[in-house]
Amino acid sequence: MKAVTWQGKRDVRVETVPDPTIQEPTDAVIRVTSSGLCGSDLHLYEVLTAFMTPGDILGHEPIGIVEEVGAGVPDLMAGDRVVVPFQIACGDCWMCLNGLPTQCETTQVSAEGMGAALFGYTRLYGSVPGAQAEYLRVPQAQFGPIKIPEGPPDDRFVYLSDVLPTAWQAVAYADIPQGGSVAVLGLGPIGDMACRVAQVRGAGRVFGVDRVPERLRRAKDRGVETFDVSSFDNEKELVTAIRDQTDGRGPDAVIDAVGTEAHGNALAKLAQQATSSMPRKLVSPLMERFSIDRLAALHTAIELVRRGGTLSLVGVYGGMADPMPMLTLFDKQIQVRMGQANVRRWSDEILPYLTDEDPLGVDDFATHRLPLDEAPHAYEMFQKKQDGAVKILMQP
Ligand code: NAD
Ligand code: ZN
Ligand code: ZN
């Protein structure tokens with residue numbers, strides 16, 4: 001089959017690899033019909049190269065048709081249409097039963113000290129072959145795949161794999177009071193969707209911050225009060241402008257949907273570029289001991305949120321020694337919540353919103369639909385934010 005493989009820094013290629021097969025009774029194999037490209041894939045493209053191996057199959061946002069199931073998957077059969085969550089979880093351990101499939105005790109990558117295995121996401125997360133491919137082996141298929149109805153196009157449901165539950169959890173963790181305010185930093189697919197979820201879940205005011213014109217426009221068109229970072233001389237001015245909208249206090253909650261590749265800190269960017277070009281053996285221990293994250297957005301979030309407010313971190317961070325303004329965090333009495341999205345924890349709540357009325361605007365959320373063969377172009381375009389690319393779906 002054809003699959004998108006990681007070959008090195010900013011180098012992905014579509015290659016022919018062996019078709020996946022059933023290996024465990026709890027496996028399924030699906031034929032992928034659409035597969036999303038995510039901001040998390042961009043971290044692998046450039047920054048997290050130390051944790052990748054050439055040939056790794058990328059991707060974790062698939063929708064498709066079941067081809068084959070193992071004997072331990074009673075609820076699925078060939079021909080079923082499914083969305084597959086980006087994390088692999090058993091559904092039956094203590095963590096899964098407590099709504100934390102990202103921490104699944106059956107699939108935890110304990111050799112690396114990490115939580116549940118993820119599709120297509122580095123050796124830290126189990127080096128599981130990913131979903132930007134014609135076929136995907138789905139382990140723990142007795143729990144993960146979400147059956148969806150025939151009929152509507154893939155776009156209606158594909159975001160259940162990641163974007164929707166991630167945005168949903170970001171908003172749930174933000175704990176916005178009814179009618180209260182939230183600022184969302186970063187208006188990529190995740191931040192954009194978090195704004196939409198906040199609106200339908202009853203936030204009174206939603207502020208969105210980015211610097212990419214079409215991303216700001218998309219949010220503004222849906223009633224978000226947008227702020228263009230590049231129009232302010234410094235962080236303080238941006239924070240003041242948003243505080244002025246909230247009686248001088250700052251929003252009740254701030255969602256950081258940017259993560260480790262925030263712009264705004266040239267020095268940290270240099271450090272990331274240096275480590276992403278170094279030999280793997282040298283980098284891994286370095287990354288564990290020093291800060292490798294670009295923290296500009298996180299620091300803005302801490303400044304911006306009102307005293308006693310909530311910070312919900314949904315952008316991915318990876319440093320083990322990031323310097324944090326503990327004085328400010330403590331003095332402002334900020335609640336902080338974060339993590340990978342627990343897909344099955346939220347999917348049943350989200351499904352009723354995926355209707356013809358389309359309150360979340362999923363049907364035209366994608367800006368690009370490309371054949372899988374064009375993956376190298378898709379990655380480059382998404383990273384460089386060219387051609388208005390916000391969300392790209394690839395079709396094998
Ligand atoms: P993206 O890279 O398209 O979006 C990031 C956006 O942040 C861009 O639009 C960029 O212009 C903007 N930005 C950069 N620096 C900024 C700053 N200082 N202030 C304001 N905006 C800034 O990616 P995405 O797909 O939307 O993903 C966003 C983040 O969410 C990534 O870190 C991704 O890894 C993470 N993610 C987490 C989960 C989860 O389960 N927690 C799931 C999916 C994605
Ligand atoms: Zn993703
Ligand atoms: Zn489990």
Side-chain angles (χ1 to χ4, degrees), residues 35-45 47-48 58-62 85-98 100-108 115-121 130-131 140 143-144 158-159 161-170 173 183-194 208-216 218-219 226-230 232 235 238 255-265 269 293-301 304 312-318 338-344 382-383 385 389-392:
S35 205
L37 177 53
C38 179
S40 298
D41 296 319
L42 291 182
H43 305 321
L44 313 180
Y45 192 55
V47 177
L48 295 180
L58 297 166
H60 58 262
E61 303 189 348
F86 70 89
Q87 70 237 202
I88 300 165
C90 74
D92 204 32
C93 69
W94 191 93
M95 287 292 172
C96 285
L97 292 173
N98 283 280
L100 290 164
T102 56
Q103 314 301 324
C104 174
E105 288 166 339
T106 306
T107 73
Q108 272 175 9
L118 309 180
F119 286 104
Y121 218 76
Q140 305 293 340
F143 176 65
V158 66
Y159 306 114
S161 58
D162 183 339
V163 176
L164 284 166
T166 299
W168 204 268
Q169 178 169 301
Y173 281 7
V184 178
L185 305 184
L187 296 172
I190 300 299
D192 184 340
M193 189 56 78
V209 181
D210 205 301
R211 66 167 181 188
V212 181
E214 63 274 10
R215 295 180 180 215
L216 289 160
R218 248 163 87 105
T226 53
F227 293 81
D228 180 351
V229 200
S230 64
F232 296 92
E235 182 207 48
L238 168 71
I255 294 172
D256 172 353
V258 178
T260 178
E261 291 183 64
H263 52 72
N265 186 335
K269 183 165 185 183
D293 289 315
R294 277 145 60 181
L295 295 168
L298 177 55
H299 286 166
T300 302
L304 178 59
S312 171
L313 310 183
V314 65
V316 167
Y317 288 97
M338 66 187 93
Q340 305 275 11
N342 297 289
V343 176
R344 294 303 304 265
F382 184 45
Q383 191 199 35
K385 301 174 177 63
V390 182
K391 189 67 189 180
I392 302 177

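Whatever order the structure lists them in is the order used to number ligands and atoms, beginning at 1.
Looking at Leu185 next to ligand 1, no N or O pair under 3.5 Å apart turns up. At least one N or O atom of Pro189 sits closer than 3.5 Å to an N or O atom of ligand 1. Note: no N/O pair closer than 3.5 Å links Ala262 and ligand 1 by distance alone. Residue Gly339 has at least one N or O atom closer than 3.5 Å to an N or O atom of ligand 1.
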Begin from the C-alpha positions of Met95 and Thr102 and carry the test side chain to side chain contact (heavy atoms under 4.5 Å, CB included) through to its verdict.
CA-CA 8 Å; Met95 287 292 172; Thr102 56; over 6 Å; no

Steps toward side chain to side chain contact (heavy atoms under 4.5 Å, CB included) verdict (His60, Leu118)
CA-CA 8 Å; His60 58 262; Leu118 309 180; 6.0 Å; no

Between Tyr173 and Ile255, is the side chain to side chain contact (heavy atoms under 4.5 Å, CB included) condition met? List the steps.
CA-CA 9 Å; Tyr173 281 7; Ile255 294 172; over 6 Å; no

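Within the listing of ligand 1, atoms 40 (O) sit less than 4.0 angstrom from a heavy atom of Phe86. Interface atoms of ligand 1 facing His43, defined by a heavy-atom separation under 4.0 Å, are 31 (C), 32 (O), 33 (C), 34 (O). For ligand 1, the atoms closer than 4.0 angstrom to any heavy atom of Val212 are 11 (O). With ligand atoms numbered from 1 in the order given, ligand 1 contributes 3 (O) to contacts under 4.0 Å with heavy atoms of Phe382.
In this comparison of Ala301, Ala257, Ala341, the heavy atom closest to atom 40 (O) of ligand 1 sits on Ala341. Closest heavy-atom approach to atom 3 (O) of ligand 1 among the candidates Arg215, Lys385, Gln169, Arg211: Arg215. Which of Leu44, Asp41, Ile190, Asp162 comes nearest to atom 27 (O) of ligand 1 through a heavy atom is settled by distance: it is Ile190. Nearest-heavy-atom check against atom 20 (C) of ligand 1 across Val316, Val209, Asp192 picks out Val209.
When side chains are defined from C-beta on, Leu298 does not count as touching Asp293, because their heavy atoms never get closer than 4.5 Å. Residues Asp256 and Val314 have side chains not in contact (no heavy-atom distance under 4.5 Å, counting atoms from C-beta outward). Side-chain contact between Lys391 and Asp192: absent, with no pair of heavy atoms (C-beta onward) separated by less than 4.5 Å.
Without hydrogens or angle criteria, Arg211 side chain to Val229 main chain gives no donor-acceptor distance under 3.5 Å. A donor-acceptor contact shorter than 3.5 Å links the side chain of Thr107 to the backbone of Ile88. Checked by atom type and distance alone, the side chain of Gln87 pairs as donor or acceptor with a backbone atom of Val343 at under 3.5 Å. Not one N or O on the side chain of Glu61 forms a donor-acceptor pair closer than 3.5 Å with the backbone of Tyr159. At distances below 3.5 Å, at least one donor-acceptor pair connects side-chain atoms of Gln169 with backbone N or O atoms of Gln340. A donor-acceptor distance shorter than 3.5 angstrom exists from the side chain of Asp210 to the backbone of Leu187, with no hydrogens or angles considered.
The shortest heavy-atom contact between Ala257 and Val184 is CB-CG1, 4.4 Å. When all heavy atoms are compared, the tightest approach of Ser161 to Pro165 is C-CG, 4.4 Å. In terms of heavy atoms, Phe382 sits closest to Ile392 at CB-CD1, 3.8 Å. Taking each heavy atom of Pro101 and Cys96 in turn, the nearest pair found is CA-SG, 4.0 Å. Residues Ala167 and Ala194 share a closest heavy-atom pair of CB-N, 3.5 Å.
The Zn ion (ligand 2) sits nearest to atom OD2 when only the N, O or S atoms of Asp162 are considered. When you scan the N, O or S atoms of Glu61 for the one nearest the Zn ion (ligand 2), you land on OE2.
For Asp41, every N, O or S atom stays at 2.8 Å or more from the Zn ion (ligand 2).
Nearest non-hydrogen protein atom to atom 25 (O) of ligand 1 is Gly39 N, 2.9 Å. Considering only non-hydrogen protein atoms, atom 12 (C) of ligand 1 sits nearest to Asp210 OD2, 3.3 Å. Remark: minimum distance from atom 38 (C) of ligand 1 to any protein heavy atom is reached at Thr166 CG2, 3.5 Å. Nearest to atom 16 (C) of ligand 1 among the protein's heavy atoms is His263 NE2, 3.2 Å. At the top of the distance list for atom 4 (O) of ligand 1, counting protein heavy atoms only, stands Gly188 CA, 3.5 Å. Distance from atom 30 (O) of ligand 1 to its nearest protein heavy atom, with residue and atom name: Gly315 CA, 3.5 Å. Taking atom 36 (N) of ligand 1 as the reference point, the nearest protein heavy-atom neighbour is Ser40 OG, 3.5 Å. The single protein non-hydrogen atom nearest to atom 19 (N) of ligand 1 is Val229 CG2, 4.0 Å, given as residue, atom name and distance.
Geometry at the Zn ion (ligand 2): SG/Cys38 and NE2/His60 form an angle of 120°, nearest 10 degrees. With the Zn ion (ligand 3) at the apex, Cys96 SG and Cys104 SG define an angle of roughly 110° (rounded to 10 degrees).
Under the 4.0 angstrom criterion for non-hydrogen atoms, Arg294 is not in contact with ligand 1. Residue contacts with ligand 1 do not include Ala170, since none of its heavy atoms lies under 4.0 Å from the ligand. The closest approach between a heavy atom of Tyr317 and any atom of ligand 1 is not below 4.0 Å.
Using a 4.0 Å cut-off between heavy atoms, Val314 contacts ligand 1 through both its backbone and its side chain.
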